[in-house]
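Basis for what follows: all heavy atoms, side chains included, without hydrogens, waters or symmetry-related copies. Residue numbering restarts at 1 for every chain, and letters A, B, ... go by the order of the sequence lines.
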There are 2 protein chains.
Amino acid sequence: MPPDARYSPQVANKDPLDLRLSVDRGSPVPLYFQLSQQLESAIERGLLVPGNLLGNEIELAGRLGLSRPTVRQAIQALVEKGLLVRRRGIGTQVVHSQVRRPLELSSLYDDLEAAGQQPATRVLRLETQEAGAEAAAALGLAEGARVRLLERLRLTHGEPVAFLRNYLPPDVLKPEVAELERTGLYRLLRGAGSTLHSARQSVGARSASAAEAELLDEQAGAPLLTMQRTTYDDTGRAVEYGTHLYRASRYAFNFQLLVRG
Amino acid sequence: MPPDARYSPQVANKDPLDLRLSVDRGSPVPLYFQLSQQLESAIERGLLVPGNLLGNEIELAGRLGLSRPTVRQAIQALVEKGLLVRRRGIGTQVVHSQVRRPLELSSLYDDLEAAGQQPATRVLRLETQEAGAEAAAALGLAEGARVRLLERLRLTHGEPVAFLRNYLPPDVLKPEVAELERTGLYRLLRGAGSTLHSARQSVGARSASAAEAELLDEQAGAPLLTMQRTTYDDTGRAVEYGTHLYRASRYAFNFQLLVRG
DNA sequence: TACGTCTGGTTGTCCGGACAATAACTCGGA
DNA sequence: TCCGAGTTATTGTCCGGACAACCAGACGTA
């Protein structure tokens, strides 16, 4: 194989008919979404190889009995996910990225669970307080407003991984200890009706104090990853502020960024 | 002001005529993009307050002499940036987020420059090598293929902040020391014709070895932030792999994540 | 008061068509 | 052989229209 054959645009194309694309007009699921999902699953399963894609939009529309705008909308969604690239005059290609898991606002609990790490949570504290300056500023509340304070220890295989301190506006979520030990905070927030939208994070590092080391089963002075995060729902309201500590020996953040604009 | 007045949808609206929205049909800039930028700048400058927005799409289209799809495309772009929220049956509102800088694939150089930190770079090493297993895997090359190795020290105000080691496929960029000391790697990559698309990052922490401490002007054992990153262009090709060390006492990662799908 | 119903307003989805911009390919001429 | 012009294919932008889905508030009824 020539050294850069994998970057050539002339990769042979599967016959699109093999993809079994079809839409169900009786379904309440939007047509563009049906198509978009079928294309995505075809890519995930390797039915569509990096290279030239389903010919052109117009023909694809014709074969599916859809209009071109609808097909474009389906393709556009995948372009924004980073699965496809459009090239004017050329066509639309599948991106040949090895790793194309798009990244989401990640939840430590879900991450650990997905990695088969059997996460567990110990709730250390759950109470309502008056907000200090830091939490109030992060949540956009007045200083002294009531906030729920939550402190948890996250473990895998019985060993501590992280110490999590969160502040919640009281009307957003009223968590119970049993729930918190069973699942992650993000899942609870979503379950309570918040549609999470974005988060601002700051990741740093520092040495563990004696108390922190004790809590996390490390030596004093051991390196810790620190993370502060404010999460916003789709109206821009802050629904959670957290300041967390991770054992650097047992955890690292993995994420994928997309370029915007 | 009642406690949650800022979340009420009934915020008085500026007269949209004050916004001086208009489009230039002679310009080569797409109409939807012109409108999108004008709306964005109106939001940035506070002319549009969180609350009810420019009435409805149809009326806005009529006033500007555009079609509704074009207006929708402009609004959609801002929704994806997290500046607006659409609510069926209600209208489109400006998100009331304090911080709404959308985030991009960040460049340390640009970040420091934007923060007024006067970044400087010292090139420690620049040579072509055979790729080791790690770099080859990250770049998707065969082990032993030629790669360019680049080691830099990044400083602000004369003090070291980070040690940067990068691997580049030789046909992507042929950087020169003078360029590297004048600007950041991302800017050079873009200048060389790569359109950067996404990056996978891993952020962790560890204690500085004696040699690392010496280089970064820290004490041995001091906490360091570590970052590995592979950057991909819009065809999914890896254009850069880097493994970096930051002084935790002087730097932290700040970024904003958007929820996907 | 409490609750279901109706109504108006707004975004969501979808269609069919038109022309512009861009890139690859073909082909003729030097 | 090399190079430039023309041709063709494909996505990019834009239009006008239609109906569906959904939400809030007003209204009527129990």
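Per the geometry, CG belonging to Leu60(B) stands 12 Å off P belonging to dT10(C), to the nearest Å. One atom, CZ of Arg86(A), and another, P of dT22(C), lie 16 Å apart when rounded to the nearest Å. In this structure, the CG atom of Leu35(B) is 13 Å from the C1' atom of dC14(D), given to the nearest Å. Rounded to a whole Å, the CD atom of Gln76(B) is 13 Å from the C1' atom of dT13(C). Between Leu84(B) atom CG and dT10(C) atom P the separation is 16 Å, expressed in whole Å. Atom-to-atom, CD1 of Ile90(A) to C1' of dC25(C) comes out at 10 Å; the value is rounded to the nearest Å. When rounded to the nearest whole Å, the span between CD of Gln73(A) and P of dG12(C) equals 10 Å.
No donor-acceptor distance shorter than 3.5 angstrom exists from the side chain of Glu143(A) to the backbone of Ala136(A), with no hydrogens or angles considered.
Note that CD of Glu176(B) is 9.0 Å distant from CG of Leu126(B), once rounded to the nearest 0.5 Å. Put simply, CG on Leu83(A) and CD1 on Ile43(A) are 5.0 Å apart, with the number rounded to the nearest 0.5 Å. How far CZ of Arg200(B) is from CZ of Arg229(B): 13.5 Å, rounded to the nearest 0.5 Å.
Out of dG12(D), dG16(D), dT10(C), the shortest distance to the side chain of Asn56(B) is found at dT10(C).
An OP1 or OP2 oxygen of dC15(C) is reached within less than 4.0 angstrom by a side-chain nitrogen or oxygen of Arg25(A). For the OP1/OP2 pair of dG12(D) and a distance below 4.0 Å, the side-chain nitrogens and oxygens of Arg72(A) include at least one atom meeting the criterion. Remark: Tyr32(A) is in phosphate contact with dT13(C), judged by side-chain N or O atoms under 4.0 Å from OP1 or OP2. For the OP1/OP2 pair of dT11(C) and a distance below 4.0 Å, the side-chain nitrogens and oxygens of Thr92(B) include at least one atom meeting the criterion. Side-chain nitrogen and oxygen atoms of Arg68(B) include none within less than 4.0 Å of the OP1 or OP2 phosphate oxygen of dC15(D).
Checked by atom type, the side-chain pair Gln34(B)/Gln38(B) shows no donor-acceptor distance below 3.5 Å.
Note on Pro30(B): only backbone sugar-phosphate atoms sit closer than 4.0 angstrom, heavy atoms only; bases stay farther off.
Evaluation of atom-type donor-acceptor distances gives no pair under 3.5 Å for the side chain of Arg87(A) against the base of dG12(D).
Sequence order on DNA chain C of the closest nucleotides to Leu31(A) and Ile58(B) puts Ile58(B) first from the 5' end. Place Glu57(B) and Ser67(A) on DNA chain C by their nearest nucleotides, and Glu57(B) ends up nearer the 5' end.
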